[in-house]
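Report on the structure given below.
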Amino acid sequence: MKNLKKLSLLAASALLAVAFLAAGCGSDSASSGSSSKNTTVTVGATPVPHGEILNEIKPLLAKEGVDLKVVEFTDYVKPNLALNDKELDANFFQHSPYLDKFNSEHGTKLKAIAKIHVEPMGIYSHKIKDLKDLPDGAKVAIPNDPTNGGRALLILQSAGLIGLKDGGNITSTVQDVEKNDKHLQFVELEAAQIPRSIDDVDIALINTNFAMEAGLNPLKDALFLEPKDSPYANVLVIREGDENRPEIQKLVKALQSPEVKKFIEDKYQGAILPSF
């Protein structure tokens, strides 16, 4: 009996040892599985069209081992601050002139690494159907940030409504307006606020992303659109030094893929143009 009990104890001990080893192997397997999980990349964007374009590439990135998380913003300041504070890995909402001005004013070191598309700024109105009907002394809403404000003035000049000192440039302000035959009154507002204020002015200069969010169709509703050779391509932006991160390089490749080019052309029908 004693020998049988001893054998039973030895067998039980052996089974426990096997179970322990099996548990250890299972733990190693789970750890290995965990290490092979996709890398997450968090990108800040305005909803239209940037958020839409980013959501379109999620399947492409998933195949490359990258999970894309899109965080939406409705202004032009917070996405850069969040990127600088490492709350984001990248952002996608702005053009290079705006980024350069932001870096200069805030001391940030953010970098554009890829051009994706151009959104022509347009002149919109709920009061007139043609710019020739613009009344004397009309109120004109333009963005109050320096680069988009200068851009809006250049468009007004292209439309023949004003003349700017020395022909104007992206840093032009209302103080640089030298010719103003219609005595236009300029109302400077935050870019995101302009669509909501369109009924309070005669014409409004609106960025395409905000126009589309407000239900405006740039090709049908704009009285005048920025020329298609605009230098204001929207860019993917990162922190300096992150250029070589594999997941960032995969993000750039996806955003500049044939699939995204086709998506932009098919969905936006010329209101937004690929720039790659």
Side-chain angles (χ1 to χ4, degrees), residues 46 48 73-80 93-102 104-105 118-219 221-234 271-272:
T46 45
V48 180
F73 293 84
T74 56
D75 77 305
Y76 285 168
V77 176
K78 291 177 184 176
N80 277 340
F93 74 95
Q94 63 194 315
H95 49 64
S96 289
Y98 179 84
L99 174 63
D100 294 342
K101 188 73 174 176
F102 188 94
S104 172
E105 292 179 349
V118 173
E119 301 174 14
M121 184 183 280
I123 303 176
Y124 298 84
S125 178
H126 282 174
K127 296 183 179 179
I128 62 171
K129 297 294 183 182
D130 194 299
L131 287 178
K132 70 179 188 319
D133 299 323
L134 191 65
D136 190 78
K139 290 184 178 179
V140 181
I142 66 172
N144 64 0
D145 63 275
T147 54
N148 281 307
R151 179 183 185 185
L153 293 171
L154 288 170
I155 293 171
L156 289 170
Q157 180 171 253
S158 294
L161 295 174
I162 62 170
L164 295 168
K165 181 180 179 181
D166 298 327
N169 56 58
I170 61 171
T171 63
S172 293
T173 69
V174 293
Q175 282 72 41
D176 295 312
V177 176
E178 286 190 332
K179 182 182 178 184
N180 186 4
D181 294 340
K182 282 187 174 287
H183 308 100
L184 303 180
Q185 302 177 52
F186 299 98
V187 181
E188 297 178 88
L189 301 170
E190 184 181 347
Q193 183 186 338
I194 294 179
R196 299 192 295 270
S197 304
I198 193 170
D199 290 326
D200 300 324
V201 297
D202 294 284
I203 58 173
L205 280 289
I206 305 177
N207 296 75
T208 289
N209 59 317
F210 291 133
M212 295 179 72
E213 286 174 31
L216 295 168
N217 183 321
L219 293 179
D221 299 323
L223 304 181
F224 186 88
L225 270 181
E226 188 174 28
K228 293 184 178 181
D229 59 354
S230 165
Y232 295 91
N234 279 224
I272 291 170

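Between Y98 and Y76, a ring centre-to-centre spacing shorter than 6.0 Å is recorded. F210 and Y124 have their aromatic ring centers separated by at least 6.0 angstrom.
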Could you walk me through whether V140 and V187 pass side-chain contact (heavy atoms from CB on, under 4.5 Å), step by step? CA-CA 6 Å; V140 181; V187 181; over 6 Å; no

Please test N209 against I272 for side-chain contact (heavy atoms from CB on, under 4.5 Å), starting from the C-alpha separation and ending with a verdict. CA-CA 9 Å; N209 59 317; I272 291 170; over 6 Å; no

Which is it for L161 and F224 under the side-chain contact (heavy atoms from CB on, under 4.5 Å) test, yes or no, and what are the steps along the way? CA-CA 11 Å; L161 295 174; F224 186 88; over 6 Å; no

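Nearest heavy atoms, A159 versus I123: CB-CD1, 4.1 Å. Across all their heavy atoms, I206 and A211 have their closest contact at CG2-N, 3.6 Å. Of all heavy-atom pairs spanning N207 and A191, the tightest one is OD1-CB, 3.9 Å. Closest of all the heavy-atom pairs between L223 and D130 is CD2-N, 4.2 Å. Residue I142 comes nearest to I194 through the heavy atom pair C-CD1, 3.5 Å, listed as atom of the first residue, atom of the second, then distance. Of all heavy-atom pairs between T46 and E213, the closest is CB-OE2, 4.3 Å.
By the 4.5 Å heavy-atom criterion applied to side chains, R151 and L154 are not counted as neighbours. Annotation: side chain of P146 is not in contact with side chain of T171 (no heavy-atom distance under 4.5 Å). Using a 4.5 Å heavy-atom cutoff, the side chains of M212 and P218 are in contact. Between Y232 and E226 the shortest side-chain heavy-atom distance falls below 4.5 Å. D200 has its side chain out of reach of K139: every pair of non-hydrogen atoms, C-beta onward, lies at least 4.5 Å apart. Side-chain contact check for V77 versus F102: some heavy-atom pair is nearer than 4.5 Å. Within the 4.5 Å cutoff, side-chain heavy atoms of I203 are placed close to those of L134. Looking at V201 and L189, their side chains never come closer than 4.5 Å, going by heavy atoms from C-beta outward.
In this structure, T173 OG1 and L164 CG are separated by 9.0 Å, a value rounded to the nearest 0.5 Å. Interatomic distance, NZ of K165 versus CD of Q175, reported as 11.0 Å (0.5 Å rounding). Of the inter-residue distances, the one linking L153 atom CG with S172 atom OG reads 6.5 Å to the nearest 0.5 angstrom.
Atom CG of D136 is surrounded by more than 12 heavy atoms from other residues, nucleotides or ligands within 6.0 Å. Around NZ of K127, the count of heavy atoms belonging to other residues, nucleotides or ligands within 6.0 Å exceeds 12.
Among T147, N148, D145, the single residue meeting the side-chain contact (heavy atoms from CB on, under 4.5 Å) criterion with K101 is T147. With respect to P143, the side-chain contact (heavy atoms from CB on, under 4.5 Å) criterion is satisfied by exactly one of E190, M121, E188, Q193: M121.
Looking only at distances, a side-chain donor or acceptor of S125 sits under 3.5 Å from a matching main-chain atom of D202.
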